[in-house]
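Here's the structure we're looking at; comments come further down.
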2 protein chains.
Amino acid sequence: MASPAAAVPRAARTPTTPQKDDKRKQILKAAVKVFAEKGYHGCRISDVAEEAQVAYGLVYHYYGNKDGLLAAVFDTNWSVFAKAINDVAEQPGLTMFDKLQQIVELGFQAFEMFPLVVKVLVLEFGRNSRLGEALENPAVAGVFASIARIFEQGKKTGELYEGIDPYAISVLFMGMLETAFVSFVLTANSSRSKVQSHITVDNMKATVLSMCQRALLGAVSKKSAAI
Amino acid sequence: MASPAAAVPRAARTPTTPQKDDKRKQILKAAVKVFAEKGYHGCRISDVAEEAQVAYGLVYHYYGNKDGLLAAVFDTNWSVFAKAINDVAEQPGLTMFDKLQQIVELGFQAFEMFPLVVKVLVLEFGRNSRLGEALENPAVAGVFASIARIFEQGKKTGELYEGIDPYAISVLFMGMLETAFVSFVLTANSSRSKVQSHITVDNMKATVLSMCQRALLGAVSKKSAAI
DNA sequence: CTCCGTTGGTTGACATGGAAATCAAACGTG
DNA sequence: CACGTTTGATTTCCATGTCAACCAACGGAG
């Protein structure tokens with residue numbers, strides 16, 4: 001418990017070896033990388049084991065089977081976003097637009113810091129028609145609920161245009177974000193690279209925010225809209 | 001050559017058997033259904049053959065391999081959308097919003113008429129990181145180019161807000177549409193059913209259009225914006 | 001007019017390869 | 001020594017893709 005770091009055999013640590021001797025986490029991390037690079041269906045468990053520098057069987061020991069591994073990858077990483085988004089949604093004293101802005105910021109930050117994680121979440125999970133059924137997954141549904149609550153707030157305060165459905169718009173909002181990431185993820189791995197002609201990440205972010213501002217905001221002053 | 005239809009043995013035709021003796025098309029049609037129901041990776045060629053009421057080997061005879069089948073499904077169906085969208089983009093005398101509206105209409109019509117086709121195109125193709133690489137596919141790129149051209153028109157005529165990038169917004173626009181379909185497709189097969197709480201197809205369509213109108217339109221009159 | 005060989009579409013049992021999952025043994029730590 | 005961790009060769013399974021035979025129409029020869 002209280003053992004100092006020295007308890008771990010130093011000789012075993014090469015610069016390329018992760019410091020953690022927690023192989024469970026190593027596998028999870030390797031899975032993200034391998035799934036991102038070759039796709040869930042395109043990779044073998046042995047690829048993950050190799051990447052994690054771990055025996056084949058250990059993957060099964062910890063995660064049961066391939067689906068279990070993907071599920072673990074998802075749960076572990078998504079829960080972070082879910083919590084962050086939920087926190088934003090609940091935060092008092094902010095307007096609808098403030099919150100949306102923070103969420104967009106959150107998403108793009110995550111994408112720049114952990115592009116592989118975002119790639120796996122978006123590509124391997126967002127569309128895998130079976131396995132969790134996406135929207136049926138409580139963790140996913142929770143995020144949608146949070147977003148929807150933000151738009152409902154906007155509707156109450158008049159910040160959201162009349163005639164826009166809070167639920168429908170929450171789906172579209174998430175879709176915009178998701179597609180933005182997919183467009184980068186599918187064309188290059190570098191987060192600063194270009195899509196199509198000349199779209200940069202910053203450019204995309206600005207456009208998303210502009211959309212939110214122009215598309216949604218009624219003529220209500222920020223003060224009265226804050227909750 | 002000039003032989004009448006009577007040449008075909010009538011007895012072989014049962015009411016449940018498709019009239020076409022063109023098994024090639026039968027296979028394509030069956031593939032759409034099977035891919036939509038079980039997913040590309042989740043189904044076997046034998047499933048397709050069975051659905052098409054055709055021998056296993058015939059699928060290979062016509063389409064070479066499983067990937068070839070998916071590619072054929074995509075090409076066949078996507079080309080229809082591609083052409084329609086391109087036509088809208090080129091049509092003279094319409095404002096940017098007119099064109100966007102037509103495209104939205106087009107998409108929702110397609111979804112209501114051929115939900116399975118849309119499901120396959122969106123789910124199995126949109127995210128399959130290998131296989132055509134989506135955005136790299138010329139047929140897909142062509143549609144994006146058409147959409148981008150519409151937004152560029154808007155930029156020229158001032159119909160599109162200043163500071164919104166035509167290319168970035170074209171990605172987001174497509175993403176909104178795609179997500180709208182995905183949200184229906186993942187939750188139910190009936191196009192009239194509800195998602196989340198109470199979102200209907202009509203509701204979603206209205207919201208998308210509203211977004212376009214509010215988010216994009218500058219203060220330019222329609223007349224001057226038409227091209 | 002009938003018969004048979006040819007051709008193209010069609011069949012489905014089978015061989016193949018490859019990946020998932022198992023499991024019994026080795027390890028090492030307390 | 002005992003128990004949790006780790007190993008990786010072995011087993012199991014099954015979907016893909018192959019292939020040799022089948023059939024139905026046609027046309028030319030007898």
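Chain letters run A, B, ... following the sequence lines, proteins first and then strands; every chain starts at 1. Only this structure's heavy atoms are used, side chains among them; waters, hydrogens and symmetry mates stay out.
The distance between atom NE2 of His61(A) and atom P of dC3(D), rounded to the nearest whole Å, is 16 Å. Atoms CG (Leu58(A)) and C1' (dA9(D)) sit 16 Å apart, rounded to a whole Å. Straight-line distance from the CG atom of Asp47(B) to the P atom of dG12(C): 16 Å, rounded to whole Å. The CD atom of Gln53(A) sits 21 Å away from the P atom of dT5(D) (whole-angstrom rounding). Following rounding to the nearest Å, Glu50(B) (CD) and dG12(C) (C1') show an atom-to-atom distance of 13 Å. For the pair Lys23(B) NZ and dT11(C) C1', the computed distance is 9 Å after rounding to whole Å.
Rounding to the nearest 0.5 Å places CD1 of Ile150(B) at 9.0 Å from CD of Gln102(B). Taking CG from Leu100(B) and CG from Leu106(B), the interatomic distance works out to 12.0 Å, rounded to the nearest 0.5 Å. Considering NZ of Lys119(B) and CD of Glu124(B), their distance stands at 8.5 Å, rounded to 0.5 Å.
Centroid-to-centroid, the aromatic rings of Phe151(A) and Tyr167(A) stay 6.0 Å apart or farther.
Within 4.0 Å of Tyr63(B), counting heavy atoms only, lies no atom of the nucleic acid at all.
Remark: Lys66(B) engages no residue in a salt bridge (Lys or Arg N to Asp or Glu O under 4.0 Å) (not counting sequence neighbours). Residues that satisfy the salt bridge (Lys or Arg N to Asp or Glu O under 4.0 Å) test with Asp75(A), not counting sequence neighbours, are absent from this structure.
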**Message:** Walk along nucleotides 18-30 of chain C from 5' to 3' and tag each nucleotide B, S or - by protein heavy-atom contact under 4.0 Å, base first, then sugar-phosphate.
**Reply:** -SBBB--------
